[in-house]
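Scroll down for the structure; my scribbles are underneath it.
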2 protein chains.
Amino acid sequence: MLDCNESDISMPAIARTTPIARDDREPTNPYRVDMDLDDEADELSHLNIPDVVIRRLPIYVRTLHSLLEKEQTSVSSEELARMIDVTAAQIRRDLSYFGKFGKQGKGYDVGYLSDTIERILKLDRTWGMVLCGMGKLGHAIANYRGFQRSSFEITGLFDSDESAVGEVVNELPIRPMRELVDTIREEHIRVGIIATPRVNAQETADMLVEGGVEAILNYAPVILRVPAHVTVREIDPVSALQSMTYYISE
Amino acid sequence: MLDCNESDISMPAIARTTPIARDDREPTNPYRVDMDLDDEADELSHLNIPDVVIRRLPIYVRTLHSLLEKEQTSVSSEELARMIDVTAAQIRRDLSYFGKFGKQGKGYDVGYLSDTIERILKLDRTWGMVLCGMGKLGHAIANYRGFQRSSFEITGLFDSDESAVGEVVNELPIRPMRELVDTIREEHIRVGIIATPRVNAQETADMLVEGGVEAILNYAPVILRVPAHVTVREIDPVSALQSMTYYISE
DNA sequence: ATAGCATTGTGACATTCTTCACAACTCCTG
DNA sequence: CAGGAGTTGTGAAGAATGTCACAATGCTAT
Ligand SMILES: NC(=O)c1ccc[n+]([C@@H]2O[C@H](COP(=O)([O-])OP(=O)(O)OC[C@H]3O[C@@H](n4cnc5c(N)ncnc54)[C@H](O)[C@@H]3O)[C@@H](O)[C@H]2O)c1
Ligand SMILES: NC(=O)c1ccc[n+]([C@@H]2O[C@H](COP(=O)([O-])OP(=O)(O)OC[C@H]3O[C@@H](n4cnc5c(N)ncnc54)[C@H](O)[C@@H]3O)[C@@H](O)[C@H]2O)c1
């Protein structure tokens, strides 16, 4: 019983241009014209959606994909919750920030939900990325195949060391940092990765921001200072380890 | 203040097992007889301390170290807060879970505070770690020098592929998975790193747990199921990227 | 000593996040 | 087409986390 016809629900475009208006309709409206309502999902709404929720979304997507691989077409919040180890209520609440995507008594259509969340996260396109700092870590990242399959693609490699410039890694040449800002501008890059030594991370971040990057994945162990419109996420295995030992018994 | 909500100190998305709460002694007692804080609260107190707090501690340590490098011996919560981009009150509150380490009017002694937090996190020793999955990522991790300087040391490399076995990486030989459980037991290893393909991560985790590991750093994109006494932290750059694109304008 | 400044540690309060629990709906069966 | 089973979406309650603001205290200078 896993049919699950295509959801008759038209895609609630997760907002494009719509004036502010935090529409406060009465929830218990017996006449839900649905769709259109969902459609107007308040723009700028992301200012209101908790970042914790946004951070869980990729996990939902990943899990839904794994269901798709198994050709499972329908899933309940309960089942999804068991797979991820969160509560079903949390999943439903998280999704409710964006609209209504399930069917009572039935659950969610796996493909539809997955597509929807991807659209919410703007994963329905490929994001070019510049990678700064082509040492050991930079090489490893440049060779990593996992990004392409996930809406990301490294399109430029940069290093300040002129003697590293020119080397080709995974089909891309390493270029000098002085070309970074212009490249970001010309290619409309919005995402940057920092893999430079700790002490150079801030200056690199400054250049990325100057070029117009709005998202930075930072592998260097420093807290970066960036303007409010730029998002930074740290990849920091050492901190992760250091916070786990606290719990070790004995 | 400017506290751009990102670049914050937290990490992976999904929170595994909620804070373990037991042993709830002492509600708000107006008469804190409290005292010998040096004596450091009871051993079991960590059951009450929020995991968010624990996760921030490594950042404090890292920042204190950077002050030590500059030979700065004293720091106020205010100054520390500015460096890390959290509020001073949060730092003071976080530390207050463990005792009193500052001096009114003066601030904190950098060296002492840093040592203290390290002791809290059990970083006052070196933790041996086993690394499972010696593909590209495994090699990169094995060669990474950043662990040694942070209370961690990889002491065993394992791979299921017999043809990889025997190769020496960074002075350690790759060994077969069948030796994993016994090695963990014999060497009293408490920390494991998973760098196997996604589909093999769970079975690897099971073996680590069987051997007695209590902390797992997981690079594979799956949510692992482990007993409650085992802590898992995910390193997941793809999820990090996928949650940042949400905020990109346009 | 004493004044005055700086800064902690923490109750009280505020905000954010999670979970409960149930009405409302969908679908199926007979 | 009624009844039952299953599951969503969400107010309301609850738990957790974060911030305020200030008494208490240490330090320095005079
Ligand atoms: N988060 C992680 O998983 C992880 C893992 C390994 C290393 N690291 C961190 O990543 C960083 C790099 O590590 P690594 O082992 O590759 O070091 P590395 O020394 O091998 O490489 C650093 C590279 O950055 C280049 N560089 C220096 N200054 C630069 C600048 N201003 N702009 C651009 N490039 C610059 C150098 O020329 C060099 O090629 C370090 O900060 C390290 O702590 C993080
Ligand atoms: N989080 C990150 O930053 C990051 C980066 C790169 C890769 N990854 C992930 O890390 C994993 C490994 O990536 P990779 O590029 O090194 O892949 P890889 O194929 O090069 O290496 C995988 C290795 O694991 C070994 N292996 C397979 N099954 C095993 C088992 N049951 N026990 C022990 N070893 C086993 C294989 O023999 C191989 O040597 C993948 O899950 C990938 O998605 C994560």
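Quick note on labels: first sequence line is chain A, next is B, and so on, each numbered from 1.
- If you take CG of Leu57(B) and C1' of dT17(D), they are 15 Å apart, rounded to a whole angstrom.
- Around atom CZ of Arg125(B), more than 12 heavy atoms belonging to other residues, nucleotides or ligands sit under 6.0 Å away.
- Taking atom CD of residue Gln90(B) and atom C1' of nucleotide dT19(D), one finds them 9 Å apart after rounding to whole Å.
- Residue side chain Arg92(B) does not reach the base of dG18(D) through any donor-acceptor N/O pair under 3.5 Å, judged by distance alone.
- The distance from atom OH of Tyr108(B) to atom P of dA6(C) is 17 Å, rounded to the nearest whole Å.
- Listed here is the closest heavy atom pair of Ala220(B) and Thr196(B): CB-O, 3.7 Å.
- Looking at every heavy atom in both residues, Ser114(B) comes nearest to Leu68(B) through OG-CD1, 4.4 Å.
- The interatomic distance linking Leu80(A) (CG) with dT8(D) (C1') rounds to 13 Å, in whole Å.
- Per the geometry, CZ belonging to Phe101(A) stands 8 Å off P belonging to dG9(D), to the nearest Å.
- Close to dT28(D), at under 4.0 Å from its OP1 or OP2, lies no side-chain N or O of Lys106(B).
- Separating the CG atom of Asp94(B) from the C1' atom of dT17(D) is a distance of 10 Å, rounded to the nearest angstrom.
- Proximity of Thr87(B) to the phosphate of dG18(D): no side-chain N or O atom is located under 4.0 Å from OP1 or OP2.
- Among Val209(B), Ile216(B), Ile194(B), Ile193(B), the one residue that satisfies the side-chain contact (heavy atoms from CB on, under 4.5 Å) test with Thr204(B) is Ile194(B).
- With rounding to whole Å, Lys103(A) atom NZ is found 13 Å from dT7(D) atom C1'.
- Between the P atom of dG9(D) and the CD1 atom of Ile91(A) lies a distance of 12 Å, rounded to the nearest Å.
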